[in-house]
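Notes for the one structure printed next.
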Amino acid sequence: QVQLVEAGGGLVQAGGSLRLSCAASGGTINTYSMAWFRQAPEKDRDFVAVITWSGNTYYADSVQGRFSILRDNAENTVYLQMTSLKPEDTAVYYCAAGWPANLYHGPYDIWGQGTQVTVSS
């Protein structure tokens with residue numbers, strides 16, 4: 001069973017950058033679609049970005065042009081490069097893997113524990 005562990009969250013000022021990582025163990029992610037979601041306090045979990053097994057990428061409108069999702073199958077890791085961060089990007093960011101019926105809505109089968117990103121104004 002694949003397990004996912006996110007890292008790289010932290011506190012950053014508005015306009016800054018962070019790179020999140022999602023490292024997989026217990027199996028390969030090569031054939032999975034890999035996605036990032038986020039959940040702000042008292043809000044639903046929202047789609048952020050996804051990269052398919054073939055490398056196609058899709059983004060939420062709110063992060064288009066600022067975030068980039070990349071996968072390194074050799075390292076069994078997926079990254080989320082975040083630039084021009086805004087206070088409204090503050091959330092817990094979750095990595096997910098699966099073969100969802102819908103890339104934006106899932107369902108995804110495997111989830112990480114999340115990493116906190118806080119953007120100060």
Side-chain angles (χ1 to χ4, degrees):
Q1 175 73 6
V2 172
Q3 295 181 319
L4 304 174
V5 177
E6 300 97 333
L11 174 63
V12 64
Q13 288 188 330
S17 299
L18 279 176
R19 187 178 78 160
L20 305 182
S21 64
C22 171
S25 61
T28 179
I29 63 169
N30 292 9
T31 64
Y32 287 105
S33 288
M34 301 295 298
W36 288 93
F37 288 77
R38 66 186 181 187
Q39 187 167 19
E42 300 181 356
K43 293 190 176 181
D44 293 335
R45 187 160 56 188
D46 291 331
F47 168 81
V48 175
V50 63
I51 184 165
T52 66
W53 68 270
S54 59
N56 293 323
T57 58
Y58 304 92
Y59 298 92
D61 290 344
S62 58
V63 307
Q64 181 74 49
R66 299 188 298 123
F67 290 12
S68 296
I69 186 169
L70 308 101
R71 66 191 301 157
D72 186 335
N73 287 339
E75 294 294 327
N76 226 23
T77 301
V78 174
Y79 300 94
L80 185 68
Q81 179 67 49
M82 306 186 294
T83 63
S84 302
L85 282 161
K86 305 175 181 180
E88 50 264 44
D89 294 319
T90 295
V92 177
Y93 283 71
Y94 296 91
C95 177
W99 301 290
N102 183 294
L103 290 173
Y104 299 87
H105 301 292
Y108 286 85
D109 303 297
I110 305 166
W111 291 84
Q113 83 290 348
T115 185
Q116 176 71 46
V117 172
T118 303
V119 184
S120 63
S121 57

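These numbers were taken from a predicted model, which means no experiment stands behind them. Quick note: residue numbers are just sequence positions, from 1. These values consider heavy atoms only, across backbone and side chains, with no hydrogens, waters or symmetry-generated copies.
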Next on the checklist: For Gln116 and Tyr93: C-alpha separation, side-chain torsions, deciding distance, then whether side-chain contact (heavy atoms from CB on, under 4.5 Å) applies.
Outcome noted: CA-CA 6 Å; Gln116 176 71 46; Tyr93 283 71; over 6 Å; no
Determine, stepwise, if the pair Ile69 / Val78 fulfils side-chain contact (heavy atoms from CB on, under 4.5 Å). CA-CA 7 Å; Ile69 186 169; Val78 174; 3.9 Å; yes
**Message:** Let's go through Met34 and Cys95 carefully: what are the C-alpha distance in whole Å and the side-chain angles of both, what is the deciding distance for side-chain contact (heavy atoms from CB on, under 4.5 Å) to 0.1 Å, and is it a yes or a no?
**Reply:** CA-CA 7 Å; Met34 301 295 298; Cys95 177; 3.9 Å; yes
Run Trp36 and Glu6 through side-chain contact (heavy atoms from CB on, under 4.5 Å) and show every step you take.
CA-CA 10 Å; Trp36 288 93; Glu6 300 97 333; 3.8 Å; yes
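Residues Ala24 and Leu4 come closest through the heavy atom pair CB-CD2, 3.8 Å. Considering all non-hydrogen atoms of both residues, Gly114 and Val92 come closest at CA-CG1, 3.9 Å. Residues Thr77 and Ser21 come closest through the heavy atom pair CG2-CB, 4.2 Å.
Judged by distance alone, the side chain of Thr83 and the main-chain N or O of Arg66 form a donor-acceptor pair under 3.5 Å. Asp72 places a side-chain N or O within donor-acceptor distance of the main-chain N or O of Glu75, the cut-off being under 3.5 Å. Distance alone, capped at 3.5 Å, places no donor-acceptor pair between the Ser54 side chain and the Thr52 backbone. Listed for the Ser121 side chain is no donor-acceptor partner under 3.5 Å among the backbone atoms of Pro87. Using modelled atom types, no side-chain atom of Asp44 and backbone atom of Gln39 make a donor-acceptor pair closer than 3.5 Å.
Counting heavy atoms from C-beta on, the side chains of Leu18 and Val117 come closer than 4.5 Å. Counting heavy atoms from C-beta on, the side chains of Phe67 and Thr57 never come closer than 4.5 Å. Put simply, the side chain of Gln1 reaches to within 4.5 Å of the side chain of Ile110, judged on heavy atoms. Here the side chains of Val12 and Thr118 are not in contact, with every heavy-atom distance at 4.5 Å or above. A heavy-atom distance below 4.5 Å is found between the side chains of Gln81 and Ser17.
A donor atom on one side chain and an acceptor atom on the other are not found under 3.5 Å apart for Tyr79 and Arg19.
Under the ring-ring contact (aromatic ring centres under 6.0 Å, His included) test applied with Phe37, the options Tyr94, Phe47, Tyr104 reduce to a single match, Phe47. Remark: of the listed residues Thr115, Asp89, Thr90, Asp89 is the sole one forming a side-chain contact (heavy atoms from CB on, under 4.5 Å) with Arg38.
Remark: Arg45 is positioned above the aromatic ring of Trp111, its terminal NZ or CZ atom under 6.0 angstrom from the ring centre and at most 45 degrees off the axis.
Separating the CG atom in Asn30 from the CZ atom in Arg71 is a distance of 7.0 Å, to the nearest 0.5 Å. Atom OG in Ser33 sits 5.0 Å away from atom CG in Leu103 (nearest 0.5 Å). Note: Ser62 OG to Glu88 CD = 9.0 Å, rounded to the nearest 0.5 Å. To the nearest 0.5 Å, atom CG of residue Asn76 and atom OG of residue Ser25 are 8.0 Å apart. In this structure, Ile29 CD1 and Cys22 SG are separated by 7.0 Å, a value rounded to the nearest 0.5 Å.
Val48 is connected to Leu85 through a chain of hydrophobic side-chain contacts under 4.5 Å among Ile, Leu, Val, Met, Phe, Trp and Tyr, so both are in one cluster. The hydrophobic clustering, which links ILVMFWY residues whose side-chain heavy atoms are closer than 4.5 Å, places Leu20 and Tyr59 together. A continuous path of Ile, Leu, Val, Met, Phe, Trp and Tyr side chains, each step under 4.5 Å between heavy atoms, connects Val63 with Met82, placing both in one hydrophobic cluster.
Between Trp53 and Tyr32, the ring center distance fails the sub-6.0 Å criterion.
Around atom CD of Gln3, no more than 12 heavy atoms belonging to other residues, nucleotides or ligands sit under 6.0 Å away.
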